[in-house]
Amino acid sequence: MSDVKLEDIVSLAKRRGFIYQGSEVYGGLSGTWDYGPLGTKLKRNIKDAWLKMFVDGWDDMHQVDAAILMNKKVWEASGHVDTFTDPLVECSNCKSRFRADHLEGDKCPNCSKTGTLSEPRQFNMMFRTNVGATWGSYENRGGNIVSGDISVKNQNGEKIDGFSIKEDRNDRNSVMVYDVNSVSYLRPETAQGIFTNYKNVLDSFYPDLPFGIAQIGKAFRNEISPRDFVFRSREFEQMEVEYFVDPAKWEESFEHWRKDIHVFLEQLGLDKDNIHELEVPEDDRAHYSKRTIDFEYDFPHKKDELLGLAYRTDFDLKNIQENSGKNMEYTVKGTNEKFIPHVIEPSFGVERLLMAVLSSAYKVDEQNGEQRVYLALPEDLAPVRYAVSPLLKNKPELVAKAREVYKALKKKYGNVMWDDNGNIGKRYRRQDEIGTPHCVVIDFDTLEDGTVTIRDRDTTEQKRVKIEEI
RNA sequence: GCGGGCGUCGUAUAAUGGCUAAUAUGCCUGCCUUCCAAGCAAGCGAUGAGAGUUCGAUUCUCUCCGCCCGCACCA
């Protein structure tokens with residue numbers, strides 16, 4: 001288990017400019033987090049590592065970047081509009097909640113009253129409207145009105161469930177209803193942006209099977225209770241691949257992915273002992289999946305899902321073919337064999353990886369009798385790779401030389417920070433906390449022989465090297 | 001969503017129905033400092049938002065917002 005406290009991570013993330021509460025100046029917005037300069041860099045490095053490994057590192061991988069807003073039909077065909085809900089019911093008497101499919105009859109299992117169970121569902125799609133809201137009426141069920149817990153009729157008198165609805169405070173029988181025809185959903189997964197472009201990529205490249213289409217992008221879910229820092233939020237970033245395979249060979253590719261995922265996680269510095277594979281049983285799998293492995297990680301809050309690997313069959317392409325009328329078949333070159341490819345889908349959450357990286361890198365040790373906190377980030381992930389300091393900042397010749405070294409390193413590596421704050425010990429501690437692997441210090445010897453000291457974050461040891469050798 | 005707890009400088013804590021809301025750290029300016037949070041001096045910085053009670057509210061009450069914990073949920 002992780003022995004780092006979540007609050008320590010949150011505090012450091014805030015203090016050092018990794019992650020801030022979303023909309024903080026206005027009191028925040030539940031389930032949103034903003035990334036500060038270092039958090040943005042760390043996130044970028046994680047995404048780069050992923051691209052390097054799975055897109056650049058695999059053959060026949062094609063990256064796309066689809067629009068977040070998509071035609072409504074995408075989500076109707078994918079099954080999300082119908083099934084992407086939590087089938088909960090609530091007792092209007094005792095307020096307890098239950099899964100609708102676990103109940104028998106209309107008796108509340110908690111307080112035993114009958115006829116008190118509502119007909120709610122939590123709609124997990126987020127959406128935006130293209131035009132302003134209109135006013136409509138709803139069937140008042142009595143008691144407290146809860147958004148998502150009432151039904152709304154559209155202009156044709158048909159019941160529409162699940163939309164977030166705002167009460168008119170002046171008239172409790174009137175609510176604001178969004179015009180259904182103007183709705184476009186915020187994608188709850190990036191996958192559909194890939195499937196909808198499958199045909200386009202085929203037309204441009206016609207890659208041999210197996211091949212993959214990769215995408216990194218934001219996704220949105222109307223989570224009931226965002227929780228555990230950035231672990232579960234309403235807006236998050238996914239890195240997904242749809243890997244198209246011959247249905248007869250899906251297991252081979254599945255296994256390939258499974259292995260590479262472990263390699264990747266190790267590269268991020270995650271401890272093998274904290275990573276657990278969970279074979280998801282049929283009952284818990286998504287509606288499209290024939291096999292799913294959840295990769296779980298020992299987070300500070302608890303063991304929880306880090307990413308998923310799913311065999312998605314031909315569910316999506318088949319749906320698209322049926323709903324769009326367009327042919328999604330793949331023709332094997334040479335044999336002219338035709339079939340709809342099946343799909344292996346590894347799905348990574350950037351924030352979850354970031355949280356795992358932070359919590360595994362968070363270390364506390366003792367230096368000269370004092371507690372030291374440092375982030376043992378892998379070199380490629382560290383937001384700052386080199387910090388450059390003059391040993392003393394009131395000696396112009398040292399400062400000038402240090403500036404020179406800084407400029408050269410900055411040009412070479414990019415993520416290099418100038419630091420002349422306080423004294424040298426303070427700088428080391430500060431750089432430790434943001435996970436800078438190397439501190440370069442220019443002293444009087446540098447002026448003589450062109451060598452500098454490089455101090456290592458994890459061991460605190462220093463050695464002298466020529467400037468050019470860095 | 002329900003129930004419980006909480007919300008004070010960037011961070012970590014203290015205190016208070018009435019005095020300039022304190023301490024450490026941080027940040028900033030200057031001095032000093034020849035390698036692991038040294039020192040001196042000056043400065044910056046907070047009661048989540050709104051309403052109510054009150055002569056007076058950061059403190060009491062209510063609503064909202066947010067965070068944490070439990071339940072539930074997370075195809």
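Bear in mind that the values here come from a model prediction, so they are computed numbers and not experimental data. Below, read A as the first sequence line, B as the second, and so on, with proteins coming before strands; counting in each chain starts at 1.
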[atom1]-based separation of [M] from [N] [nearest Å]:
N      : M      : atom1 : answer
B/rU13 : B/rG45 : C1'   : 16 Å
B/rA14 : B/rA22 : C1'   : 6 Å
B/rU53 : B/rC67 : P     : 31 Å
B/rA46 : B/rG5  : P     : 30 Å

(message) Using a strict threshold of under 4.0 Å (side-chain N to carboxylate O), is an ion pair present between A/K43 and A/E237?
(response) yes
(message) With salt bridge (charged side-chain N to carboxylate O under 4.0 Å, His left out) as the rule and sequence neighbours excluded, what pairs involving residues 383-397 of chain A come up?
(response) A/E379-A/R385, A/D380-A/R385
(request) Sequence neighbours left out, what pairs pass salt bridge (charged side-chain N to carboxylate O under 4.0 Å, His left out) with at least one residue falling in residues 18-34 of chain A? (result) A/K14-A/E24
(request) Begin with the C-alpha distance, continue with both residues' side-chain angles, and end with the deciding distance and a verdict on ring-ring contact (aromatic ring centres under 6.0 Å, His included) for A/F299 and A/Y297. (result) CA-CA 6 Å; A/F299 285 98; A/Y297 184 77; 5.2 Å; yes
(request) Using a cut-off of strictly less than 4.0 Å between a heavy atom of the residue and any atom of RNA chain B, enumerate the qualifying residues of residues 340-352 of chain A by number. (result) none
(request) Return the residues of residues 459-470 of chain A meeting this criterion: a heavy atom under 4.0 Å from some atom of RNA chain B. Order them by number, or give none. (result) A/T460, A/Q462
Could I get a table of every N or O pair under 3.5 Å where one atom is in the protein and the other is in nucleotides 37-40 of chain B?
| residue | atom | partner | partner atom | Å |
| --- | --- | --- | --- | --- |
| B/rA38 | OP2 | A/N423 | OD1 | 2.7 |
| B/rA38 | OP2 | A/N423 | ND2 | 2.0 |
| B/rA38 | N7 | A/N423 | ND2 | 3.3 |

(request) State, yes or no, whether a side-chain contact exists between A/I467 and A/T446 at a heavy-atom distance under 4.5 Å. (result) yes
(request) Treating a pair as Watson-Crick (purine N1 to pyrimidine N3 plus N6-O4 or O6-N4) or G-U wobble (N1-O2 and O6-N3) with both distances under 3.5 Å, list the stems of 3 or more consecutive pairs that involve RNA chain B. (result) B:1-7 with B:65-71, B:10-13 with B:22-25, B:29-31 with B:39-41, B:48-52 with B:60-64
